[in-house]
> 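Encoded as structure tokens, here's the structure I'll be asking about.
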Amino acid sequence: MTDHPILIKRYPNRRYYASHTSKYVSLRDIEEMVIDGHTVEIRDSQSGEDMTQAVLIQIIMERHPDKISLFPAEMLHFILRSNDLMSGFFGDYFRHSLSYLDYLRRHNPAATSLAPMQWIKSWLDNVSATSKADPANPPSSESAQLALRVKQLEERIEQLESDDD
């Protein structure tokens, strides 16, 4: 396995060409590459447009519909309703969550049983609880807000650690 993604071109006839093998591949072949731990990059042969997300979503929808349940309906509603700022925030959040999950996987194999969507739900619950805080008594400064957030995160970490026991 290399650090570089496998480049696959999608042609107008909906055929996929893997440059590393100089052969046409199917969606099943692409799926197997990903399952085997490779990263793929799928580009339109004419425009060069990155089609990786669309193709991976297509594979999940067609071949693994059970994995769609990883995304609770409430979250899908929220994503559809979100504006550009929120969409960017969620994109960043998912990227950071995956980096953290990879870190946990490498340093604590038992952590692979944690579902990233559970992290998101607990995070959203904390955001909701924080937004319902007493508006008549807001933290006096940015550092006070930061201290409050750190305290909440420490409590959440303790809760997660106690759930693992």
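Not measured: the values here are computed from a predicted model.
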> Might you work through the side-chain contact (heavy atoms from CB on, under 4.5 Å) test for Thr39 and Ile6, ending with a clear yes or no?
CA-CA 6 Å; Thr39 300; Ile6 294 172; over 6 Å; no
> Do any N or O atoms from the side chain of Ser45 and from the backbone of Lys9 form a donor-acceptor pair under 3.5 angstrom?
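Not at all, since once roles are kept as given, no pair shorter than 3.5 Å links the two residues.
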> Is the closest side-chain donor-acceptor distance between Glu155 and Gln159 under 3.5 Å?
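There is no such pair (donor and acceptor under 3.5 Å, judged by atom type) between the side chains of Glu155 and Gln159.
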> Knowing that exactly one of Thr21, Thr52, Val40 qualifies, which makes a side-chain contact (heavy atoms from CB on, under 4.5 Å) with Ile8?
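Per the side-chain contact (heavy atoms from CB on, under 4.5 Å) rule, the option paired with Ile8 is Val40, out of Thr21, Thr52, Val40.
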> Side-chain heavy atoms nearer than 4.5 Å, only ILVMFWY residues, links allowed to pass through others: does that put Leu70 and Leu76 together?
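Yes.
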> Applying salt bridge (Lys or Arg N to Asp or Glu O under 4.0 Å), name anything that partners Arg28, two or more places apart in sequence or on another chain.
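With neighbours one apart ignored, the set is Glu31, Glu32.
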> Measure the spacing between CE of Met51 and CG of Asp44 and express it to the nearest 0.5 Å.
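Result: 5.5 Å between the selected atoms.
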> Starting from the C-alpha separation in whole Å, work towards a yes-or-no answer on side-chain contact (heavy atoms from CB on, under 4.5 Å) for Tyr16 and Val55.
CA-CA 10 Å; Tyr16 299 94; Val55 172; 3.8 Å; yes
> To the nearest 0.5 Å, what is the distance between OH (Tyr11) and OH (Tyr24)?
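Rounded to the nearest 0.5 Å, the OH-OH separation comes out at 5.5 Å.
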> Do Val34 and Ile59 belong to the same hydrophobic cluster, where Ile, Leu, Val, Met, Phe, Trp and Tyr are linked whenever their side-chain heavy atoms lie under 4.5 Å apart, directly or via other members?
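Yes, one cluster joins them.
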> Please identify each residue that fulfils salt bridge (Lys or Arg N to Asp or Glu O under 4.0 Å) with Glu49, with sequence neighbours left out.
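Checked Glu49 against salt bridge (Lys or Arg N to Asp or Glu O under 4.0 Å); zero matches.
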> Quick check on the hydrophobic clustering: are Ile57 and Met75 connected, directly or via other members, by side-chain heavy-atom contacts under 4.5 Å?
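No; tracing contacts between hydrophobic side chains, which count when under 4.5 Å, never links both residues.
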> Measure the CE-CG distance between Met61 and Leu56 for me, rounded to the nearest 0.5 Å.
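Answer for the CE-CG pair, Met61 versus Leu56, is 13.5 Å.
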> Counting N and O atoms only, with roles assigned by atom type, does the side chain of Arg43 sit under 3.5 Å from a partner on the main chain of Gly48, one being a donor and the other an acceptor?
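Yes, the answer is positive, given that a donor and an acceptor are paired below the 3.5 Å cut-off.
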> Which pairs with one or both residues in residues 70-86 pass side-chain hydrogen bond (donor to acceptor under 3.5 Å, both in side chains), sequence neighbours excluded?
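Every pair satisfying side-chain hydrogen bond (donor to acceptor under 3.5 Å, both in side chains) with a residue in residues 70-86: Ser82-Ser87.
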> CG/Leu27 to CD1/Ile42 distance, rounded to the nearest 0.5 angstrom?
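CD1 of Ile42 is found 8.0 Å from CG of Leu27.
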> Write down the atom of Tyr17, the atom of Ser22, and the distance for their closest heavy-atom approach.
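That would be OH-CA, 3.1 Å.
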> Is there a donor-acceptor pair closer than 3.5 Å between any side-chain N or O of Asp36 and the backbone N or O of Met33?
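No: the side chain of Asp36 does not pair with the backbone of Met33.
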